[in-house]
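Side chains are part of it too, since the values below use all heavy atoms of this structure and drop only hydrogens, waters and symmetry mates. Letters A, B, ... mirror the listed sequences (proteins, then strands); counts begin at 1.
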Amino acid sequence: MSYNFKEIENKWREKWFSSDIYSAKDFDKRKKKYVLVEFPYPSGSGLHVGHAFSFTGGDVYARYQRMRGYNVLFPMGYDAFGLPTENYAIKVKRKPQEVTKENTAMFKDQMQKLGFSFDWNREVNTTDPGYYKWTQWIFIKLFEKGLAYKEEWPINWCPSCKIGLANEEVIDGKCERCGTQTQRRNISQWIVKITAYADRLIEGLKETAFIDKVKAAQINWIDRKEWIDITYPIDGVKETVTIATTRPDTNYGATFIVLAPEHELVEKLITGKINTSQDIKPIKEYVVKAKNKSELERQKEVTGRDKTGVFTGLYAVNHLTDMKMPIWITDFVLGTVGTGAVVGVPGHDIRDFEFAQQFKIPIIRVVVGKDGDTGEITKKEQVQEDEGTMINSGFLDGMDIRSATKRIMDYMEEKGWGKKTVRYHLRDWIFSRQHYWGEPIPMVHCEKCGWIPVPEDQLPIVLPEVEHYEPTDTGESPLAKIEEWVNTKCPNCGGDAKRETDTMPNWAGSDWYYVRYLDNKNDKAIADMDKMKYWLPVDIYIGGDEHNTLHLLYSRFIYQFLYDLGEVPTPEPYYQRISHGVILGSNNQRMSKSKGNVITPDEVADKVGVDAIRAYLMFIGPFEGTMAWNDNALMGVKRFTERLYKFFAENTATAGNKSSQEVNEILHRTTKYVTEGFEQFQYNTIVAKYMELLNFFEKTDPKNISKESYEIFIKLIAPIMPYLAEELWSIIGYEKTVHLEAWPEYNEQYLVSSVVEIPVQINGRLKGKITVVVDADEGQIKEVILKDENLGKLLESEQIRKIIYIKGKIANIIV
RNA sequence: GCCGAGAUGGCGGAAUAGGCAGACGCGAAGGACUUAAAAUCCUUUUCUCGAAAGGGAGUGGGGGUUCGAUUCCCCCUCUCGGCACCA
């Protein structure tokens with residue numbers, strides 16, 4: 001009887017998906033469980049082993065909960081807009097629509113092969129107009145509530161790829177793909193005001209059961225801080241400069257001001273609106289050069305390298321000291337942080353110190369650190385940054401820097417010199433992409449009326465199918481060339497108007513997809529409210545660490561916004577979030593084509609069977625961990641599936657009438673372990689328990705194993721090895737699927753044995769073991785120990801001073 | 001630099017309300033089957049001294065609490081992941 005996994009898989013896959021056994025029932029009386037895994041981007045290279053890993057993790061959980069009697073929703077879809085498809089389509093001269101269709105079909109086929117119990121009736125695809133109608137609708141709501149606005153914003157531009165790049169895509173000032181020097185360009189873009197929800201996004205975490213690491217990632221990313229914006233008069237001209245700082249406590253030591261090249265004062269200097277004694281030419285040159293660098297490049301290695309900068313000839317006056325502080329321009333100050341101007345306190349900030357040293361600006365000590373040094377600061381090591389006591393600071397002297405910070409903030413506000421404000425590291429969200437393959441932003445620009453949203457009844461604005469969608473030189477979206485699409489009428493006044501030609505970022509479609517699964521064909525709303533009330537929030541969301549900041553934050557924001565509109569029923573979308581680990585190549589490096597270490601789940605499944613690869617993926621290490629692919633270990637798991645099949649095929653027909661106490665004990669112990677393990681995603685040890693159980697069964701006389709015991713074993717493996725379980729279930733004579741059977745209950749009565757083995761230590765060192773009745777007391781224990789051949793001999797010549805006995809656990813004898 | 005996670009055999013990893021360290025798998029060694037090999041099965045496998053009985057050491061390093069510490073506390077080193085010179 002050989003284990004023909006191919007045949008088994010084909011047989012059951014067909015049955016499962018034609019009989020719909022995994023579909024979730026709206027409004028069912030059973031308790032609901034919404035299990036969500038991040039939907040994939042359907043790339044042309046097919047399902048990655050990383051997908052197989054995380055989806056198996058989710059599938060196992062969904063299958064387990066289904067057997068526990070929950071009405072489980074475990075849906076799947078595609079996040080299919082995006083650059084890789086667009087680029088590929090351009091390269092092979094095909095339509096992204098077609099390429100996407102092929103890729104999603106391939107993904108679905110691969111996912112079904114791997115036995116994932118997705119409810120395919122609920123499939124969504126972000127590129128489907130019926131879907132993105134509602135992505136567009138959400139954007140319009142954002143606009144109506146003043147949370148979307150259009151503004152010029154600098155982007156990194158690659159003149160060769162003709163594309164705007166994210167900061168992360170610019171390496172050393174060069175385009176990541178082609179190596180061309182990037183430029184900075186200001187492009188008018190749609191911005192979504194996520195910062196308006198910054199506090200809510202922190203607060204809302206209390207409603208969730210995210211693991212701490214995820215909560216921390218969210219809070220750190222938002223990074224809320226109290227600032228004060230201080231406005232200084234500029235000597236000799238009718239201008240002021242406003243700097244932003246979180247450390248006004250050191251303001252007695254402020255000796256200079258630095259402006260970002262983008263700062264409005266710089267603009268005024270260059271255009272001659274402000275007179276200065278300094279030569280304008282070098283200022284202009286510096287500014288032009290700086291503006292072409294990416295933010296990343298400007299901030300890279302700010303400390304420890306020579307500073308660049310140019311003096312404006314202007315001086316700001318320090319309110320506290322009346323010192324005339326020279327105003328410089330430098331590129332490490334960013335226009336997009338704070339007010340784009342910083343006050344320099346060289347005694348207490350390494351960057352400021354290096355700048356002051358280089359340009360011979362005075363350095364004043366205003367904080368004393370632990371070392372007690374009150375002298376002049378001449379070396380980098382003396383710069384006291386985060387702690388200490390104030391000196392040379394008037395009324396702040398003697399205060400701890402933290403209380404000094406509070407005190408001076410209040411003082412400056414009273415005096416009218418500064419204004420307290422809360423700022424976040426989180427920035428507003430640039431929502432425009434100058435690309436074809438994305439959701440069109442449903443806005444119309446009219447000369448008379450300005451930006452007007454497309455009326456709801458005209459949604460969706462369908463992405464027109466065109467011949468050419470290459471990006472353009474101008475930085476405009478390719479859609480801009482399609483005149484018959486661009487030219488339209490203003491919904492407001494009926495006059496000539498033009499459509500927005502930018503498309504939305506990838507995140508837009510993935511922000512709310514889990515809502516659409518609940519009602520994927522609804523034409524009247526994002527989803528039916530009653531269905532949402534039944535299913536939301538998502539009970540558990542399984543995803544990668546890389547999405548613990550941006551995707552999670554964006555989607556929580558959009559959901560909170562929808563909640564405020566009364567469109568969704570709960571304040572938070574996800575109750576629990578856990579992050580799955582990463583599978584590296586066998587050389588312990590990330591899988592990539594160039595390293596030649598890519599594992600394709602399909603191929604592996606062909607070789608060893610789906611159940612083996614699933615069990616292997618779960619067994620390889622902790623679900624959250626990072627682990628390397630190992631072919632040998634895979635073969636070990638394959639052997640296990642073969643042994644399991646063989647054991648059942650050969651023995652179940654002659655099952656005993658009753659299981660022995662021993663069999664019952666290990667079986668129920670395993671059931672308890674596996675049950676608790678599934679709740680906590682301890683998949684690797686669950687597989688180990690399966691192996692232990694089989695090892696034990698193989699050594700047991702088959703007469704002592706009943707049919708009921710075999711059934712329990714099959715149910716236990718069903719979530720991880722669904723095909724094998726189904727086959728074994730039919731081998732023992734059942735026709736219905738095992739996957740809707742009730743999860744086995746363990747019986748406590750089998751778990752308590754009457755006797756127990758107690759390890760015995762002498763002076764904390766293990767010396768032997770004794771077997772006693774479970775509730776033996778200390779006296780009985782002592783008796784048994786002294787009678788024990790070895791232990792008795794060891795204790796003969798010793799004086800027992802104390803016996804520590806932990807019931808059922810251990811005995812320690814102190815001599 | 002900050003935040004988070006972690007360090008256990010030859011390897012992946014088990015075990016923490018403090019109680020037999022190394023489950024399970026891989027690898028390795030020996031054996032059975034075979035003309036032989038593969039596959040399969042059996043045995044051994046933390047290191048070390050010892051022929052054995054048995055002893056000693058041992059969870060990154062150092063200290064502490066405890067009858068007892070991989071687990072708790074303090075200090076240090078290193079590794080991985082995320083953010084990154086945010087004023």
Mind calculating the distance between [atom1] ([X]) and [atom2] ([N]) to the nearest angstrom?
{"X": "A:R351", "N": "B:C86", "atom1": "CZ", "atom2": "C1'", "value": "7 Å"}
{"X": "A:K809", "N": "B:G18", "atom1": "NZ", "atom2": "C1'", "value": "10 Å"}
{"X": "A:K215", "N": "B:G82", "atom1": "NZ", "atom2": "C1'", "value": "19 Å"}
{"X": "A:L634", "N": "B:G27", "atom1": "CG", "atom2": "C1'", "value": "15 Å"}
{"X": "A:K225", "N": "B:A84", "atom1": "NZ", "atom2": "P", "value": "13 Å"}
{"X": "A:E676", "N": "B:A14", "atom1": "CD", "atom2": "C1'", "value": "16 Å"}
{"X": "A:M635", "N": "B:C26", "atom1": "CE", "atom2": "P", "value": "11 Å"}
{"X": "A:I350", "N": "B:C86", "atom1": "CD1", "atom2": "P", "value": "12 Å"}

Protein and nucleotides 22-24 of chain B: nitrogen or oxygen contacts under 3.5 angstrom:
{"residue": "B:A23", "atom": "O2'", "partner": "A:E692", "partner atom": "OE2", "Å": "2.9"}

Students often mix this up, so state it plainly: with edges at 30° and 60°, are the rings of A:F557 and A:W429 parallel, tilted or perpendicular?
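The rings of A:F557 and A:W429 stand perpendicular, inter-plane angle above 60°.
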
Which label fits A:F697 and A:F647: parallel for a plane angle under 30°, tilted from 30 to 60°, or perpendicular past 60°?
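A:F697 and A:F647: tilted rings.
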
Contact class for [X] vs. all strands (heavy atom < 4.0 Å): base, sugar-phosphate, or nothing?
{"X": "A:I804", "value": "base"}
{"X": "A:T626", "value": "sugar-phosphate"}
{"X": "A:I806", "value": "base"}
{"X": "A:R427", "value": "base"}
{"X": "A:F640", "value": "nothing"}
{"X": "A:G621", "value": "nothing"}
{"X": "A:V333", "value": "base"}
{"X": "A:E546", "value": "nothing"}

Partner nucleotide, any strand, of [N] [Watson-Crick/G-U, under 3.5 Å]:
{"N": "B:C24", "value": "B:G12"}
{"N": "B:G60", "value": "B:C76"}
{"N": "B:U66", "value": "none"}
{"N": "B:A84", "value": "none"}

Over all heavy atoms of both residues, which pair between A:M591 and A:G585 is shortest? Give the atoms and the distance, please.
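Minimum heavy-atom separation between A:M591 and A:G585: CG-N, 3.7 Å.
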
Considering all heavy atoms of both residues, which atom of A:I686 and which atom of A:G677 are nearest to each other, and what is their separation?
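That closest heavy-atom pairing would be CD1-C, 3.6 Å.
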
Are any of the side-chain nitrogens in [X] or [Y] under 4.0 Å away from the carboxylate oxygens of its partner?
{"X": "A:E642", "Y": "A:K646", "value": "no"}
{"X": "A:D606", "Y": "A:K6", "value": "yes"}
{"X": "A:E226", "Y": "A:K420", "value": "no"}

Closest approach to the side chain of [X], judged atom by atom: which nucleotide of [options] is it?
{"X": "A:L766", "options": "B:A21, B:A15, B:C83", "answer": "B:A21"}
{"X": "A:P759", "options": "B:C86, B:C26, B:C20", "answer": "B:C20"}
{"X": "A:T245", "options": "B:A87, B:C41, B:C83", "answer": "B:A87"}

Could you give the distance separating [M] and [N] at their [atom1] atoms, to the nearest angstrom?
{"N": "B:G12", "M": "B:C49", "atom1": "P", "result": "25 Å"}
{"N": "B:G22", "M": "B:C74", "atom1": "P", "result": "29 Å"}
{"N": "B:A15", "M": "B:U71", "atom1": "C1'", "result": "10 Å"}
{"N": "B:C75", "M": "B:G68", "atom1": "C1'", "result": "24 Å"}

Dump the pairs, protein N or O against N or O of nucleotides 55-60 of chain B, anything under 3.5 Å, distances to one decimal.
{"residue": "B:A57", "atom": "OP2", "partner": "A:R765", "partner atom": "NH1", "Å": "3.4"}

Does the B:C20 base have a donor-acceptor partner in the side chain of A:K769 within less than 3.5 Å?
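Between B:C20 and A:K769, which were checked side chain against base, a qualifying N/O pair under 3.5 Å is present.
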
Does the base of B:C67 carry an N or O that pairs as donor and acceptor with the side chain of A:N812 under 3.5 Å?
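A donor-acceptor contact between them is present.
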
Between the main-chain N or O of A:F623 and the side-chain N or O of A:H580, is there a donor-acceptor pair closer than 3.5 Å?
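It does not hold such a pair.
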
Any donor-acceptor pair under 3.5 Å linking the side chain of A:N251 with the backbone of A:L320?
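A pair under 3.5 Å: no.
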
Test of ring centre spacing under 6.0 Å for A:F355 and A:F256:
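Ring centres of A:F256 and A:F355 closer than 6.0 Å.
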
Check: A:F713 ring centre within less than 6.0 Å of A:F648 ring centre:
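Judged by ring-centre distance (under 6.0 Å), A:F713 and A:F648 do meet the cut-off.
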
Distances under 3.5 Å between nitrogen or oxygen atoms of protein and nucleotides 2-5 of chain B:
{"residue": "B:C3", "atom": "O2'", "partner": "A:N220", "partner atom": "ND2", "Å": "2.7"}

A:D352 vs A:K802, nearer the 5' end of RNA chain B by closest nucleotide:
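First, find each residue's nearest nucleotide; the 5'-ward one identifies A:K802.
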
Closer to the 5' end of RNA chain B via nearest nucleotide, is it A:R247 or A:K699?
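Mapping each residue to its closest nucleotide by heavy atoms, the 5'-most match is A:K699.
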
Report the distance from atom CD1 of A:I202 to atom CZ of A:R224, rounding to the nearest 0.5 Å.
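Reported to 0.5 Å precision, the distance equals 6.5 Å.
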
Any chance the side chains of A:D777 and A:Y805 put a donor and an acceptor closer than 3.5 Å?
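The answer is no; no qualifying pair exists.
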
Could you tell me whether the side chains of A:D229 and A:T421 share a donor-acceptor contact shorter than 3.5 Å?
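Distance-only check fails for A:D229 and A:T421.
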
When you check the phosphate oxygens OP1 and OP2 of B:G25, does a side-chain N or O of A:R639 lie under 4.0 Å from one of them?
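Answer is no, no contact under 4.0 Å.
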
Does NZ or CZ of A:R577 fall inside the cone over A:F210's six-membered ring, less than 6.0 Å from its centre and within 45° of the axis?
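Here A:R577 fails the 6.0 Å and 45° test against A:F210.
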
